[in-house]
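Comments concern the structure below.
Residue numbers begin at 1 in each chain, while the letters A, B, ... track the order of the sequences.
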Number of protein chains: 2
Amino acid sequence: MIQRLTEHDRENLQESLATSGQKVTAQREIVFAVLLAKRDHPTVEDVFQRARESMPGLSLATVYNCLETFVGCGLVRQVNHERESTRYCPNLAPHAHFRDEATGHVHDIELPPEIIQSLRSILPAGFNSETIEISFRGRSQETPPRSTSN
Amino acid sequence: MIQRLTEHDRENLQESLATSGQKVTAQREIVFAVLLAKRDHPTVEDVFQRARESMPGLSLATVYNCLETFVGCGLVRQVNHERESTRYCPNLAPHAHFRDEATGHVHDIELPPEIIQSLRSILPAGFNSETIEISFRGRSQETPPRSTSN
DNA sequence: CTTGCAAATTGGAATCATTCCAACTCATTC
DNA sequence: GAATGAGTTGGAATGATTCCAATTTGCAAG
């Protein structure tokens, strides 16, 4: 399952990396492509396995490095649930996460701006938040509404 | 710094444990007392250190066990931020957490019921959430408004 | 072209929180 | 006062992540 980036995605990658003074490498391309190909919030190990199909020599350390780099330049978000392995998600739109306890799957939940606003408003004076993370835990009745969700 | 539970707290402990068929032990009393004494969201290690002042023989494994037990019977909540050590909090009222990036301190933020409602309402049909976790990350200007907050 | 350099990659070792486990303690019941 | 079972203990095991020293790579300058 070889992954190739679209023009657009490759440019996005290139630019984001450039702004923090970093370059596109074969490894980064593949790791990024893996994230875009199946937006199921893979763990590092998942990404590693998938990326290896296209680049057998790729090392786990590099996957860690790439993902850290991407997070650093805002290309992807980290998703943590309890103390489980960190998962990665290339959806940059503001959204919450729903973790299905039955399957372990993580779904993105769109976050209306007014909710974000009202959340910000409950912070007492003097508290400045850069990030808000919202995660639901429970069961979803049906199979994921959109399997390749964002 | 020996900790002793108030009548009320001890009863609370006793009852909560009883409902899941468990007993009050010296270790559990102390661990619980430590949590109530300073509600600063201590890590297991923190609790371990503090509890040892009252009970030098206490083992780390037991602290893990006690805290797990408490979480299981709803006496305390776990608080996770990123992949840092799990912290524990005896505040049962619905609340969010604010993690000060400068100090590492965690503050409770009261959660108005209507916010919880509106959050629940953004879940698509078929998603049933038992738990919602909200965490802010940022900086708080001043020293904690209420240092022994809950 | 070569040379040199800095950034990136690599594999393996190290770390750290947490879990597991088998032995031991203790209170209670028969 | 022996048996039972929950709770405790210390140490070993686990698993995700980080660290590190040794290459490799991509380029830029000569």
Side-chain angles (χ1 to χ4, degrees), chain A residues 10 13-14 16-34 41-49 51-52 54-73 75-88 99 104 106, chain B residues 13-14 16-34 41-52 54-73 75-88 99 104 106:
Chain A
R10 198 178 172 297
L13 175 62
Q14 135 74 29
S16 298
L17 286 171
T19 45
S20 44
Q22 287 163 308
K23 291 175 272 181
V24 175
T25 67
Q27 289 87 340
R28 285 174 180 167
E29 275 194 27
I30 293 197
V31 169
F32 192 49
V34 164
H41 307 86
T43 63
V44 174
E45 199 62 36
D46 292 334
V47 175
F48 181 51
Q49 301 299 342
R52 257 179 174 248
S54 318
M55 184 186 269
L58 183 68
S59 87
L60 181 59
T62 299
V63 177
Y64 272 100
N65 290 339
C66 291
L67 292 171
E68 191 192 356
T69 302
F70 295 163
V71 171
C73 65
L75 270 172
V76 310
R77 272 178 60 182
Q78 277 182 325
V79 183
N80 287 292
H81 271 97
E82 320 271 301
R83 301 210 88 257
E84 290 176 9
S85 310
T86 300
R87 294 169 177 280
Y88 293 85
R99 159 87 200 296
V106 176
Chain B
L13 174 62
Q14 135 73 28
S16 298
L17 286 171
T19 46
S20 44
Q22 288 163 309
K23 289 177 271 180
V24 175
T25 66
Q27 288 87 339
R28 285 174 180 167
E29 275 193 28
I30 292 197
V31 169
F32 192 49
V34 164
H41 307 85
T43 63
V44 174
E45 199 62 36
D46 292 335
V47 174
F48 181 50
Q49 301 301 342
R50 295 177 198 173
R52 260 183 170 243
S54 318
M55 184 186 266
L58 183 68
S59 87
L60 181 60
T62 299
V63 176
Y64 272 100
N65 289 340
C66 290
L67 292 170
E68 190 193 357
T69 302
F70 294 163
V71 171
C73 65
L75 269 171
V76 310
R77 272 179 61 183
Q78 277 182 324
V79 183
N80 288 291
H81 271 96
E82 320 273 300
R83 300 211 89 256
E84 291 176 8
S85 310
T86 300
R87 294 171 176 278
Y88 293 84
R99 160 86 200 295
V106 176

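When side chains are defined from C-beta on, B/R50 counts as touching B/P42, because their heavy atoms get closer than 4.5 Å. Counting only heavy atoms from C-beta outward, the side chains of A/R99 and A/V79 never approach each other to under 4.5 Å. Contact annotation: the side chain of B/H41 never approaches that of B/Y88 to less than 4.5 Å [non-hydrogen atoms, C-beta and beyond].
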Revision key, fill the gap. Contact string for nucleotides 3-10 of chain D, one letter per nucleotide 5' to 3', B = base within protein heavy-atom range under 4.0 Å, S = sugar-phosphate only, - = neither, reads ----SSBB
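Listed here is the closest heavy atom pair of B/R83 and A/E84: NH2-O, 3.3 Å.
Rounded to an integer number of Å, the gap from CD of A/E45 to C1' of D/dT17 is 11 Å. C/dA14 atom C1' lies 14 Å from atom OH of A/Y64, rounded to whole Å. Rounded to whole angstrom, the span from the CG atom of B/L67 across to the P atom of C/dT19 amounts to 11 Å.
A donor-acceptor contact closer than 3.5 angstrom is absent between the side chains of A/T62 and A/N65.
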Check your understanding: side-chain contact (heavy atoms from CB on, under 4.5 Å) between A/R10 and A/F32: does it pass, once the steps are laid out?
Key -> CA-CA 9 Å; A/R10 198 178 172 297; A/F32 192 49; over 6 Å; no
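Every side chain to side chain contact (heavy atoms under 4.5 Å, CB included) that A/Y64 has, sequence neighbours left out, goes to A/V44, A/L60.
Across residues 78-88 of chain A, A/R83 each have a non-hydrogen atom less than 4.0 Å from an atom of DNA chain C (numbered order).
Proximity of a side-chain donor or acceptor of B/R77 to a complementary backbone N or O of B/V71 within less than 3.5 Å is not detected.
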